[in-house]
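We name chains A, B, ... by the order of the sequence lines, and we start the count at 1 in each one.
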Amino acid sequence: MTRASPPFKRILLNLLQVPLKTTSFTQIHSLLFTSGASQELSVLLKLAEFLASSQTPSSAYFTLKQTQRLPNPFLFNTLISSYTQSSSPHLAFAVFKHMVSDGSTPDKYTFPLVLKSCVRFWGFEEARQIHGVVAKLGFLTDLYVQNVLIHVYGLCGCYPDACIMFDDMLVRDVVSWTCLISVCVKGGRFVDALTLFAQMDVAPNITTIVSVLVASGRTGELNIGRSVHGLLLKNEAVLGLIAGNALLDMYVKCERIDEAKRMFKELPMKDIVTWTSIISGYAKCGCLDMALEIFENMPIKNIRSWNALIGGLAMHGHGKEALGYFEWMVRTGLKPNDVSFIAILSACSHSGLVEEGRRHFASMIKFHDLVPKIEHYGCMVDLLGRAGLVEEAYELVKTMPMKADVLIWGAMLSACRTSGKTEISQWVRDSLLELGPSDSGAFVLLSNIYATNDRWGDISRLRRLMRKKGIKKEPGSSIIELDGWVHEFLVGVMEHHQMEDILMVLYIFEKQMQIDEQ
DNA sequence: ATAGGGTTAG
C-alpha cells in the first residue's frame with residue numbers, strides 16, 4: 001500500500017486533532033509509515049502542527065525529518081509557523097537552528113516565518129543571526145525577506161537597523177513603506193511616519209492608511225487625517241472594522257468629538273475597540289455622562305474600556321468616582337494593568353487623595369503582580385508634591401529603582417516651588433542639568449510642561465540654562481539640514497511644506513489606491 | 001505555504 005485509503009487518512013487526521021499521550025502517538029506514528037500515509041501532504045501538515053503542540057523542537061524536527069528521504073523545507077516551515085503561533089514562539093527559532101546545523105537548507109518561505117517569531121519573543125539577537133543566514137544563503141534580495149526584516153528590527157527596539165534595511169533596498173513596494181511607517185507609529189515616531197508617507201512613491205493601501213491615521217491622531221494633525229478620510233471617500237472605500245476604528249480614533253485624538261460622533265453613527269461595524277475609542281472621546285471632552293452611558297451599554301467590556309472610563313473621570317477631577325469604578329472593575333474579576341494604575345494614581349493626584357494613592361501604589365506590587373514603571377513613580381511624586389509632602393517625594397525619587405527622567409524632575413520642581421525647600425530644590429536643578437545636552441529632548445518636554453502651565457518665566461530661565469550648558473536646540477523645535485538648506489521643524493507640528501507634500505501624495509494616489517479591505 | 005493595520009494613561 002503506497003497511499004493511505006481515504007477513511008484511514010481521515011481517522012489519522014482526526015487523531016492528530018486531539019492532544020494525545022505519548023504511547024498513542026507512537027502507535028499513530030508507526031501507522032503513518034506502515035500505511036503509506038506519510039506520503040500524504042495533508043497528513044504531514046497536521047502531523048507538523050500536532051508535533052509543535054506536544055513535542056520539543058528537536059524531537060519534532062527529527063520526527064518530521066524521518067518521514068522524508070530528503071529534508072523537506074515545507075514541512076519544517078509548517079513546524080516553525082506552528083511554534084510561532086504557540087505560547088512559546090522562541091521554539092520556532094530552535095527549529096530554525098536545527099535546520100541550519102543539520103544541513104536542511106531553508107527556503108525563501110522559511111525566513112519570513114522564523115523572523116515573525118522573533119517579533120513575538122523580542123528576539124533582536126536571533127533576528128540578527130537569521131539575517132546572517134539570509135545573507136549567506138543568498139536570500140537578501142527577496143522582497144518578502146527584506147520587508148519582514150524591517151518589521152522585526154523596528155519592533156525589537158532597533159529602529160536604526162530597520163532604516164538601514166529600508167534605505168539599502170533597490171526596489172520597495174507598498175509593504176516595505178507600510179512596514180517602516182507602522183514601525184515608526186509603534187515606536188512613537190509619529191512625525192517620522194508622516195514624513196515617510198509624504199515620500200512614498202507607490203500607492204498606499206488601506207494598511208498604510210491605518211498607520212497614517214494613527215500618526216495623524218497622535219500628532220493632532222487634523223488636516224492630514226481629514227484629507228486621508230477624503231481620499232477614502234473618493235475611492236468609495238468600504239470601511240472595514242480596523243480602518244473605521246482608526247478613522248474614528250483619529251477624530252477622537254484630534255478632539256473633534258462631533259466628527260467622531262458622526263463617524264461612530266455611520267460605521268457599519270462596531271466592536272469593543274470602537275466603543276472604547278468613543279468613550280475616551282467623551283472622556284476627554286468632559287462629556288462624562290455620555291461616556292458613562294456608552295460604557296453601560298457596551299455589550300463586552302475589556303480592561304481598556306474600563307481604563308478609558310476611569311482615566312476620563314480622573315482627568316476631570318472626579319477622583320472618588322474613578323476609584324469607585326476601579327474597585328468595581330476589580331470585583332468583576334478583571335485584572336488591572338499598568339495603565340489602570342496610571343489612571344487611578346493620577347485620579348488620586350488630581351483630587352488630593354494622598355492616602356488612597358499610597359495604598360493603591362503599594363497594592364500594585366502586593367496584590368496585582370505589577371512592577372511600577374517610571375510613570376507610576378511620576379504619578380506618586382506628583383501626588384506627594386501637590387499635597388506638599390516634598391520630603392516624602394524626595395525620598396521616593398532617591399529610592400526608586402530607576403533613574404529619574406525629566407517628567408519626574410518636572411514634578412519635583414513644581415513641588416519645590418510651593419514648598420520653599422531650597423535644599424531639595426537645588427538638588428533637583430542640579431540633577432536636571434546632569435541630564436545634559438544628549439537629553440535636549442527632555443528640555444523641550446520640560447519647557448512644554450511649563451508652557452501649558454503659563455510659566456513663561458521658567459521657560460526663559462530654562463533657555464538660558466540650556467545655552468549655558470551648550471545645548472544648541474531651541475526648546476520646541478529642531479533643526480534639520482537638507483540639501484544645504486536648513487529647515488526648522490516645530491516639535492509635534494508638521495512644517496508647512498511637509499503638509500503640502502502629504503496633500504500632494506494624497507492627490508496623486510487618489511485614483512490609484514488599492515482598496516483591499518472587504 | 002511566506003510580509004504590513006485599530007482601542008486605554010501622561
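Between the P atom of B:dT8 and the CD atom of A:E375 lies a distance of 15 Å, rounded to the nearest Å. The CE atom of A:M200 sits 13 Å away from the C1' atom of B:dG5 (whole-angstrom rounding). Atom CD in A:Q146 sits about 14 Å away from atom C1' in B:dT2, given to the nearest Å.
Contacts of A:T276 classified as side chain to side chain donor-acceptor pair (under 3.5 Å), with partners at least two apart in sequence or in another chain: A:S305. Scanning for side-chain contact (heavy atoms from CB on, under 4.5 Å) contacts around A:K335 gives an empty result, with sequence neighbours left out. In this structure, the side-chain contact (heavy atoms from CB on, under 4.5 Å) partners of A:L334, at least two apart in sequence or on a different chain, are A:W306, A:M329, A:T332.
There is a side-chain donor-acceptor pair under 3.5 Å between A:T110 and A:D107.
Residues from residues 149-173 of chain A lying near DNA chain B, meaning a heavy-atom separation below 4.0 Å, are A:H151, A:D173 in numerical order. Within residues 288-307 of chain A, the residues having any heavy atom closer than 4.0 Å to DNA chain B are, in order of number, A:R304, A:N307.
Residue A:K186 is in sugar-phosphate contact alone, with no base atom involved, counting any heavy-atom pair closer than 4.0 Å across all strands shown. Residue A:D271 is classed as a base contact, given a heavy-atom separation below 4.0 Å to a base. Nucleic acid contact for A:N77: base, since at least one base atom lies under 4.0 Å from a heavy atom of the residue.
Listed candidates were B:dG4, B:dT7, B:dG5. Nearest to the side chain of A:C179 is B:dG4. Nearest nucleotide to the side chain of A:V175, out of B:dT8, B:dA9, B:dG4: B:dG4. In the set B:dG4, B:dT8, B:dG5, B:dG5 carries the atom at the smallest distance from any side-chain atom of A:A243. Relative to the side chain of A:D107, the nucleotides B:dA9, B:dG4, B:dA1 differ in distance, and B:dA1 lies closest. Among the nucleotides B:dA1, B:dT7, B:dA9, the one closest to the side chain of A:Y109 is B:dA1.
Remark: the backbone N or O of A:E356 is paired with a side-chain donor or acceptor of A:H360 at under 3.5 angstrom.
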Revision key, fill the gap. Parsed dot-bracket for DNA chain B after applying the Watson-Crick and G-U rules with both distances under 3.5 Å and | for other-strand partners is ..........
